[in-house]
Amino acid sequence: MRTTRPTRPNRPIRPPARAVRAVPLGPRSLAALGLVSAVGVVAFCWPFLAPPSSRIGAHAEDAPWLFAGLLVLLVAVVAATISESGLGPKAVAMLGVLAATGAALRPVGAGTAGIEPMFFLMVLSGRVLGPGFGFVLGSVTMFASALLTGGVGPWMPFQMLAMGWFTMGAGLLPGRSRLRGRGELLLLAGYGFVAAFAYGTVMNLAGWPFMGALTSNIAFDPHATVPANLARFAAYCLATSMGWDLGRAVCTVLLTLSVGPALLRALRRATRRAAFETAVTFDAPAP
């Protein structure tokens with residue numbers, strides 16, 4: 001005698017969750033972001049773009065100050081433009097919480113051997129909340145941490161822009177709505193590893209021109225050719241920051257793989273409950 005198993009009702013197939021963008025990027029925001037990124041590339045790479053006969057090369061120690069002041073204004077313009085395009089009160093609250101957490105995490109380890117846990121938080125936040133929110137979050141977090149640690153100087157605007165790029169890049173990674181589990185963690189860990197080195201290299205470009213050409217054979221020489229300065233810069237990175245960048249990359253990977261699953265779930269749960277794309281309405285008071 002055969003016994004038939006009771007058939008289970010077919011469960012409805014849920015469509016994949018749509019990725020929530022806390023800050024949608026409109027045409028004006030994209031134009032402002034493209035402008036500040038272009039100016040930022042020039043501000044970082046001017047030692048290789050200016051010819052030896054340029055008058056900028058004669059003021060190698062003053063140029064970073066000029067670019068720093070310009071970047072402050074441009075980053076402020078981008079943040080204001082993105083805020084105008086859709087940074088609502090709920091997104092502002094989320095921005096404040098994450099920026100304060102990132103600023104508090106930065107002094108942990110005080111950068112010893114590259115131990116900077118702030119970077120893994122930026123990667124996961126940018127992944128969940130999108131590139132627009134990521135750029136604002138990275139810039140605001142670096143600004144707040146500079147005020148907290150006393151790290152205010154001509155390098156701060158460069159750090160704000162570089163961290164904005166760093167966090168925005170995590171939001172531009174593919175598969176925000178479909179990729180989950182181990183594959184997503186490996187993707188974020190790989191991005192964090194590569195981007196940690198990229199951040200250190202970009203920040204070296206901001207500080208390298210401050211070194212006088214007579215103080216070291218790896219300093220920027222405004223009279224040297226571009227290949228010669230590239231060789232000097234590569235030697236400068238290997239001698240000064242390779243160990244720090246490696247520590248930052250390894251720390252980001254380890255924290256992403258260990259704490260990442262729980263933090264991703266918490267961030268996604270918070271974004272669902274916040275319902276950023278739902279307009280805030282107020283009911284009329286009862287008579």
Side-chain angles (χ1 to χ4, degrees), residues 40-41 44-45 71 75 98-129 131 134-173 184-208 210-211 218 233-264 267:
V41 170
F44 279 110
C45 301
L71 285 179
V75 171
L98 292 176
T101 304
L105 284 176
R106 191 183 182 195
V108 176
T112 303
I115 300 175
E116 296 177 286
M118 178 185 71
F119 283 81
F120 102 97
L121 177 64
M122 297 296 103
V123 171
L124 301 183
S125 301
R127 171 67 172 178
V128 174
L129 295 165
F135 182 84
V136 178
L137 174 63
S139 302
V140 172
T141 302
M142 190 56 71
F143 177 76
S145 65
L147 297 180
L148 181 64
T149 59
V152 178
W155 55 85
M156 186 186 69
F158 293 92
Q159 289 178 330
M160 292 173 60
L161 182 59
M163 186 56 69
W165 286 340
F166 181 93
T167 314
M168 181 181 66
L172 294 174
L173 292 175
E184 183 180 33
L185 286 178
L186 293 177
L187 175 66
L188 295 178
Y191 171 80
F193 186 86
V194 175
F197 278 98
Y199 175 86
T201 303
V202 166
M203 287 309 304
N204 285 338
L205 281 172
W208 179 51
F210 276 112
M211 298 180 61
I218 61 174
F233 178 68
Y236 174 81
C237 292
L238 290 174
T240 59
S241 68
M242 180 58 66
W244 294 79
D245 295 341
L246 179 61
R248 181 190 303 116
V250 172
C251 179
T252 303
V253 170
L254 292 178
L255 289 176
T256 300
L257 295 178
S258 59
V259 189
L263 186 55
L264 284 173
L267 287 173

Not counting sequence neighbours, which residues clear ring-ring contact (aromatic ring centres under 6.0 Å, His included) with Phe143? List them please. none
Closest heavy-atom contact between Ala189 and Thr256? N-CG2, 4.0 Å
Can you name the nearest heavy-atom pair linking Leu238 to Met242, along with the distance?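 Between these two residues, the closest heavy atoms are CD2-CE, 3.5 Å.
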Please check if the side chain of [X] supplies one atom and the backbone of [Y] the other of a donor-acceptor pair under 3.5 Å.
X      : Y      : result
Trp208 : Cys237 : no
Ser145 : Met142 : yes
Thr252 : Phe193 : no

Please set out all donor-acceptor pairs under 3.5 angstrom arising from side-chain atoms of residues 119-129, sequence neighbours excluded.
residue	atom	partner	partner atom	Å
Ser125	OG	Leu121	O	2.8
Arg127	NE	Glu184	OE2	2.9
Arg127	NH1	Leu173	O	3.3
Arg127	NH1	Pro174	O	3.0
Arg127	NH2	Pro174	O	3.4
Arg127	NH2	Gly175	O	2.8
Arg127	NH2	Glu184	OE2	3.4

side-chain contact (heavy atoms from CB on, under 4.5 Å) between Met118 and Thr141, intermediate numbers included: CA-CA 9 Å; Met118 178 185 71; Thr141 302; 3.7 Å; yes
Could you grab the distance from atom [atom1] of [X] to atom [atom2] of [Y], nearest 0.5 Å is fine?
X      : Y      : atom1 : atom2 : answer
Met160 : Phe135 : CE    : CZ    : 8.0 Å
Glu116 : Arg248 : CD    : CZ    : 4.5 Å
Leu185 : Leu264 : CG    : CG    : 6.0 Å

So do Leu98 and Val140 actually touch side chain to side chain, heavy atoms under 4.5 Å? no
Under the criterion side-chain contact (heavy atoms from CB on, under 4.5 Å), I'd like the reasoning laid out for Tyr191 against Leu186: C-alpha separation, chi angles, the key distance, then a yes or no. CA-CA 8 Å; Tyr191 171 80; Leu186 293 177; over 6 Å; no
Quick one: side chains of residues 195-205, donor-acceptor pairs under 3.5 Å with protein atoms, not counting sequence neighbours, listed by atom name and distance.
residue	atom	partner	partner atom	Å
Thr201	OG1	Phe197	O	2.9
Asn204	ND2	Gly200	O	3.3
Asn204	ND2	Ser241	OG	2.7

